[in-house]
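Structure record follows, encoded as structure tokens.
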Amino acid sequence: ELFSRLQVAMELPITERSGDVRMERIEATVAVVRIDPDEEGPEDTEYDVALAFTLPTPAQERVIGTFLLQTLLFDPEAELL
């Protein structure tokens with residue numbers, strides 16, 4: 001089965017050394033690699049979606065990496081799945 005590809009735009013919060021938070025906008029092509037649940041449910045069903053960025057730029061990789069590291073290090077409720 002082929003992956004669905006789509007264009008997404010998102011803003012990720014990045015905390016500076018000073019403690020200030022800035023929002024970094026990323027626009028990229030992604031592939032949907034997993035959806036849970038994988039069957040369509042009622043209208044109010046919430047889905048967890050895993051996306052793979054296709055051909056991210058080095059700047060996008062830095063922003064995504066920084067966001068993930070800050071989240072995993074400083075958010076006690078963050079989970080690495």
Side-chain angles (χ1 to χ4, degrees):
E1 183 174 313
L2 296 175
F3 295 110
S4 296
R5 287 185 185 224
L6 46 129
Q7 293 288 107
V8 298
M10 64 180 74
E11 290 186 342
L12 300 175
I14 303 296
T15 304
E16 300 285 350
R17 290 180 192 259
S18 65
D20 293 336
V21 177
R22 73 178 193 287
M23 299 303 287
E24 285 284 342
R25 184 176 175 88
I26 294 178
E27 296 180 15
T29 301
V30 298
V32 177
V33 295
R34 183 175 45 84
I35 299 175
D36 186 40
D38 60 0
E39 298 291 328
E40 187 172 347
E43 188 173 307
D44 62 345
T45 301
E46 292 186 11
Y47 298 90
D48 289 325
V49 179
L51 304 174
F53 290 84
T54 59
L55 303 174
T57 66
Q60 290 171 329
E61 288 178 342
R62 271 192 304 280
V63 170
I64 295 166
T66 300
F67 168 76
L68 290 174
L69 284 171
Q70 289 180 346
T71 300
L72 291 171
L73 288 171
F74 302 114
D75 182 348
E77 296 184 21
E79 295 181 22
L80 184 60
L81 301 177

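Residue indices begin at 1 and follow the sequence shown. No experiment lies behind these values; they were computed from the predicted model shown.
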Pairs meeting criterion salt bridge (charged side-chain N to carboxylate O under 4.0 Å, His left out) with involvement of residues 52-73, two or more places apart: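 Applying salt bridge (charged side-chain N to carboxylate O under 4.0 Å, His left out) to every pair that reaches into residues 52-73, excluding sequence neighbours, yields nothing.
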*Does any pair with a residue in residues 37-52 pass salt bridge (charged side-chain N to carboxylate O under 4.0 Å, His left out), and if so which ones, sequence neighbours excluded?*
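Matches after skipping sequence neighbours: none remain.
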**Q.** Pairwise side-chain contact, Leu6 with Val8, heavy-atom cut-off 4.5 Å (strictly under)
**A.** yes
So side-chain hydrogen bond (donor to acceptor under 3.5 Å, both in side chains) across residues 11-32, not counting sequence neighbours, yields Gln7-Thr29, Glu16-Arg22, Ser18-Asp20, Arg22-Glu24, Arg25-Glu27
I need the minimum non-hydrogen distance between [X] and [Y], along with the two atoms involved.
X	Y	answer
Phe3	Ala31	CB-CB, 4.1 Å
Ala28	Phe53	CB-CD2, 3.9 Å
Val63	Ile14	O-CD1, 3.7 Å

* Asked: Any sub-3.5 Å donor-acceptor pair from Gln60's side-chain atoms to Thr57's backbone N or O?
  ->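 Checked: pair present.
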Taken in chain and number order and not counting sequence neighbours, the residues that satisfy side chain to side chain contact (heavy atoms under 4.5 Å, CB included) with Ala52 are Val33
Sequence neighbours excluded, the answer for side chain to side chain contact (heavy atoms under 4.5 Å, CB included) partners of Leu51 is Val30, Val32, Val49
query: Does CG in Leu69 sit with more than 12 non-hydrogen atoms of other residues, nucleotides or ligands closer than 6.0 Å?
result: yes
ILVMFWY clustering at 4.5 Å (side-chain atoms), partners of Met23
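Noted: Met23 shares its cluster with no other residue.
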